[in-house]
Amino acid sequence: MKLTRRLFGVLSGAALALGTVPLTAQKAAAQEASTLVIAVPSDAVGLEPGINKAEPIGSEIILNVFDTLVAWKAPDFAELEGRLATDWTVSEDGKTFDFTLRDGVTFHDGTPFNAEAVKFSIERTAGMNPYVEATLGLIESIETPSETEVVFTLSRPYPAFLSILAQPQSAIVSPAAVEKFGDEFATNPVGTGPFKFRAYQADTRVVLDANPDYFRGAPKLERLIYTVIPEASTRRLELENGGVDIIQQAGQLSAVPSEEMAAFAGNPDIQILESPSQIIRQLEFNNSLTEGPFADVRVRRAIAMAIDYDGLLSGVFDGTAERVYGPLTSNSWAFDPAVKDLAPQYDPEGAKALLEEAGVDPADLSVKLYSFQGALWGAVATFVQANLAEIGVNVEIAQTEFPSYRALHVAGEWQMALDGRQPWYNDPDAHVTIGYLSSLKDSAMTFRMPENAELDAKILAAQGEADMDKRKALYSEIQKEIVAEVPGAYLFSPKLIVFARSNVDGLVVNSAPPLNEYWSVSKN
């Protein structure tokens with residue numbers, strides 16, 4: 001039997017996982033049909049729910065190894081269903097959430113799942129992860145009246161709390177495994193999910209094996225392999241050649257350029273799954289700076305007016321992305337269409353005039369533009385660079401790996417950067433609170449907004465308002481105020497696109513959050 005790239009992947013994955021000699025070709029061929037190989041552009045930052053900061057690759061693996069109390073229901077992902085919780089009630093004041101837990105579930109290490117494990121997991125994440133301060137930080141207490149009941153009491157009403165419990169950060173971990181592995185739990189994750197962690201090789205791959213005792217039924221696949229292939233063009237070739245089964249377009253930081261995507265359209269061996277998203281990609285200014293040109297809103301607006309948004313969508317994305325005008329995508333239930341008229345429009349001459357009004361000579365504006373690595377991000381950065389050159393602003397592009405980029409972002413050592421907001425739950429709170437609440441300005445996921453007590457009060461009021469009409473009205477005001485401050489230039493919302501070999505069956509693209517679950521996936 002010829003050793004194809006696919007077989008090589010299976011054989012090497014098996015050798016890695018088992019630490020033994022390679023399997024026979026016949027046995028490997030059998031495994032080929034039950035092994036799904038997913039190409040990713042970089043190593044998973046972490047497989048630890050407690051410290052997860054919404055990095056896409058690690059987050060997706062977490063949601064296949066662990067379970068949450070609730071999860072978004074396929075295929076529409078518009079409502080939540082129970083997972084480790086079978087039922088729940090919410091008090092009239094919106095502050096108390098009482099969950100009934102599934103009985104008879106065990107972690108992968110054989111220890112029992114129960115209410116204490118829920119309390120342990122959520123309190124652990126809330127205590128060690130600053131990213132969840134605006135959400136799990138609202139938990140006042142967690143009570144465990146019995147093995148199968150857990151009661152959350154919040155400090156104030158929070159309508160999106162159920163959505164928060166569906167996030168990777170809210171995954172339920174094995175307390176016994178955490179005690180056993182300590183700081184090494186991140187490379188020895190133990191949950192109750194459909195797949196068990198098998199092996200990890202830095203910058204190479206993560207191997208997961210099916211959990212035959214999964215409470216929803218055993219997965220149809222026996223093994224998942226996340227294999228790291230940094231170059232988008234190589235991922236494309238591997239998919240075309242059958243070396244991998246799946247590559248993801250917009251849910252990851254390094255995507256296949258649109259001109260290369262066109263090659264998939266006429267290939268009968270590849271299927272294309274597509275879904276709109278609430279992801280926003282933007283050009284951000286470091287809004288915490290009190291000195292320098294970008295402290296002047298006129299300069300920020302001039303930069304935003306220099307960008308040819310329609311040209312970006314057609315020239316770089318070829319119909320695979322949509323325009324964004326403010327802090328919410330136009331498919332959000334809280335989006336206010338009035339924002340379209342308030343957002344900066346492409347007007348290079350107007351941008352030059354605004355810089356002159358601000359007393360800024362464009363020739364003196366020499367800026368380093370930070371961006372994630374990857375061909376698509378490079379194309380966007382180059383497009384923006386060319387736009388700003390048209391108004392006389394010199395831009396140097398600096399592409400940086402995800403961990404270094406986030407560290408730099410938190411440290412505030414930048415003026416202008418391409419970044420994104422990828423909501424992990426279907427609620428405007430996912431964009432607005434974490435992105436713009438000034439008390440969170442030193443976290444990695446904000447626009448580093450300066451102190452603004454009035455705006456902060458509205459954001460918190462909208463976060464906790466139970467009346468949906470009142471809540472929508474508050475978000476309307478917030479959107480208009482944020483757009484007026486031009487904290488960034490809102491560039492585009494990419495569609496979620498997954499390319500899969502034609503024999504992959506049962507995969508549904510999840511847009512909230514944009515992470516795939518493989519429990520129901522099989523290969524024909």
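Since the model is a prediction, treat every value here as computed from it, not as a measurement.
In this structure, the separation between CD1 on Ile164 and OG1 on Thr135 is 4.5 Å, given to the nearest 0.5 Å. In this structure, OG on Ser163 lies 9.0 Å from CG on Asp429, to the nearest 0.5 angstrom. Taking OG of Ser277 as the reference point, atom CD1 of Ile497 lies at 9.5 Å (rounded to 0.5 Å). Atom CZ in Phe152 sits 8.5 Å away from atom CG in Leu136 (nearest 0.5 Å). With values rounded to the nearest 0.5 angstrom, Trp88 atom CH2 is found 15.0 Å from Glu149 atom CD. Atom NZ of residue Lys119 and atom CD1 of residue Ile172 lie 12.5 Å apart, to the nearest 0.5 angstrom.
Side-chain contact between Pro49 and Pro168 is absent, with no heavy-atom pair separated by less than 4.5 Å. Counting heavy atoms from C-beta on, the side chains of Lys368 and Gln415 never come closer than 4.5 Å. Using a 4.5 Å heavy-atom cutoff, the side chains of Tyr490 and Leu283 are not in contact. Annotation: side chain of Thr111 is not in contact with side chain of Thr106 (no heavy-atom distance under 4.5 Å). A heavy-atom distance below 4.5 Å is not found between the side chains of Glu238 and Thr227. At least one side-chain heavy atom of Phe264 sits under 4.5 Å from a side-chain heavy atom of Ile247. When side chains are defined from C-beta on, Leu138 does not count as touching Phe161, because their heavy atoms never get closer than 4.5 Å. For the pair Ile142 and Ile122, the minimum side-chain heavy-atom distance is below 4.5 Å.
Formation of a donor-acceptor pair under 3.5 Å by the Gln399 side chain with backbone atoms of Phe372 is found in this model. Judged by distance alone, the side chain of Asn129 and the main-chain N or O of Thr125 form no donor-acceptor pair under 3.5 Å. Side chain of Thr68 to backbone of Val70: a donor-acceptor contact under 3.5 angstrom is found. Of the possible donor and acceptor atoms, one in the side chain of Thr204 sits under 3.5 Å from a partner among the backbone N and O of Ala202. Thr382 places a side-chain N or O within donor-acceptor distance of the main-chain N or O of Gly378, the cut-off being under 3.5 Å. With hydrogens and angles disregarded, no donor-acceptor distance shorter than 3.5 Å links the side chain of Ser275 to the backbone of Leu496. Formation of a donor-acceptor pair under 3.5 Å by the Ser493 side chain with backbone atoms of Val324 is not found in this model. Panel note: side chain Asn52, backbone Gln169; no donor-acceptor pair is recorded below 3.5 Å. Under a 3.5 Å cut-off, the side chain of Asn516 and the backbone N or O of Val509 do not form any donor-acceptor pair. With Gln463 contributing its side chain and Ala134 its backbone, the two residues share a donor-acceptor pair below 3.5 Å.
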Verdict with supporting geometry, Glu48 and Arg124, salt bridge (Lys or Arg N to Asp or Glu O under 4.0 Å): CA-CA 11 Å; Glu48 159 69 274; Arg124 177 172 178 267; 2.6 Å; yes
Audit row: Leu101, Val118, side-chain contact (heavy atoms from CB on, under 4.5 Å) steps and yes/no: CA-CA 9 Å; Leu101 305 181; Val118 175; 4.0 Å; yes
side-chain contact (heavy atoms from CB on, under 4.5 Å) between Asn211 and Phe195, intermediate numbers included: CA-CA 5 Å; Asn211 172 11; Phe195 291 92; 5.9 Å; no
Steps toward side-chain hydrogen bond (donor to acceptor under 3.5 Å, both in side chains) verdict (Tyr214, Asp67): CA-CA 10 Å; Tyr214 188 47; Asp67 279 300; 2.8 Å; yes
From CA spacing to verdict: side-chain contact (heavy atoms from CB on, under 4.5 Å), Ile139, Thr153: CA-CA 6 Å; Ile139 297 173; Thr153 301; over 6 Å; no
Verdict with reasoning, Glu133 to Leu440, per side-chain contact (heavy atoms from CB on, under 4.5 Å): CA-CA 8 Å; Glu133 181 180 341; Leu440 301 174; 4.2 Å; yes
Criterion side-chain hydrogen bond (donor to acceptor under 3.5 Å, both in side chains) on Asp103 and Thr148, from CA distance to verdict: CA-CA 7 Å; Asp103 198 10; Thr148 56; over 6 Å; no
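What you find for Leu47 and Gly58 is that their closest heavy atoms are CD2-CA, 4.3 Å. Here the closest non-hydrogen pair linking Ala166 and Leu63 is O-CD2, 4.3 Å. Here the shortest heavy-atom pairing between His431 and Gln278 reads NE2-O, 2.7 Å. Across every non-hydrogen atom of Gln248 and Ile246, the tightest pair is CG-CG2, 4.3 Å. Nearest approach of Arg281 to Pro494, heavy atoms of both residues: CG-CD, 4.1 Å. For the pair Pro189 and Phe66, the tightest heavy-atom approach, listed with the atom from each and the gap, is CB-CZ, 3.6 Å.
Taking the six-membered ring for Trp and thresholds of 30 and 60 degrees, Tyr405 and His409 have ring planes more than 60 degrees apart, a perpendicular arrangement.
Tyr226 and Asp43 form no side-chain donor-acceptor contact under 3.5 Å, judged by distance and modelled atom types alone. For the residue pair Asn188/Tyr200, the side-chain donor-acceptor check at 3.5 Å is not satisfied. With 3.5 Å as the limit, one finds no donor-acceptor pair spanning the side chains of Glu396 and Gln385.
Ion pairing between a basic and an acidic side chain is recognised when a charged N comes within 4.0 Å of a carboxylate O; Asp209 and Arg223 show such pairing. Salt bridge status for Arg83 with Glu81: present, with a side-chain N to carboxylate O gap under 4.0 Å. Here Asp442 pairs with Arg448 in a salt bridge; the nearest charged N to carboxylate O distance falls below 4.0 Å.
Checked against the 6.0 Å centroid criterion, the rings of Phe492 and Phe317 qualify as a close aromatic pair. For Phe285 and Phe447, the ring centers are positioned 6.0 Å apart or more. Two rings, from Trp414 and Tyr370, have their centers 6.0 Å or more apart.
Remark: Asp183 CG is loosely packed, at most 12 non-hydrogen atoms of other residues, nucleotides or ligands lying under 6.0 Å away. Few gaps surround CD on Gln271; more than 12 heavy atoms of other groups in view lie less than 6.0 Å from it.
Screening Arg235, Lys523, Arg501 against Asp245 for a salt bridge (Lys or Arg N to Asp or Glu O under 4.0 Å) leaves a single residue, Lys523.
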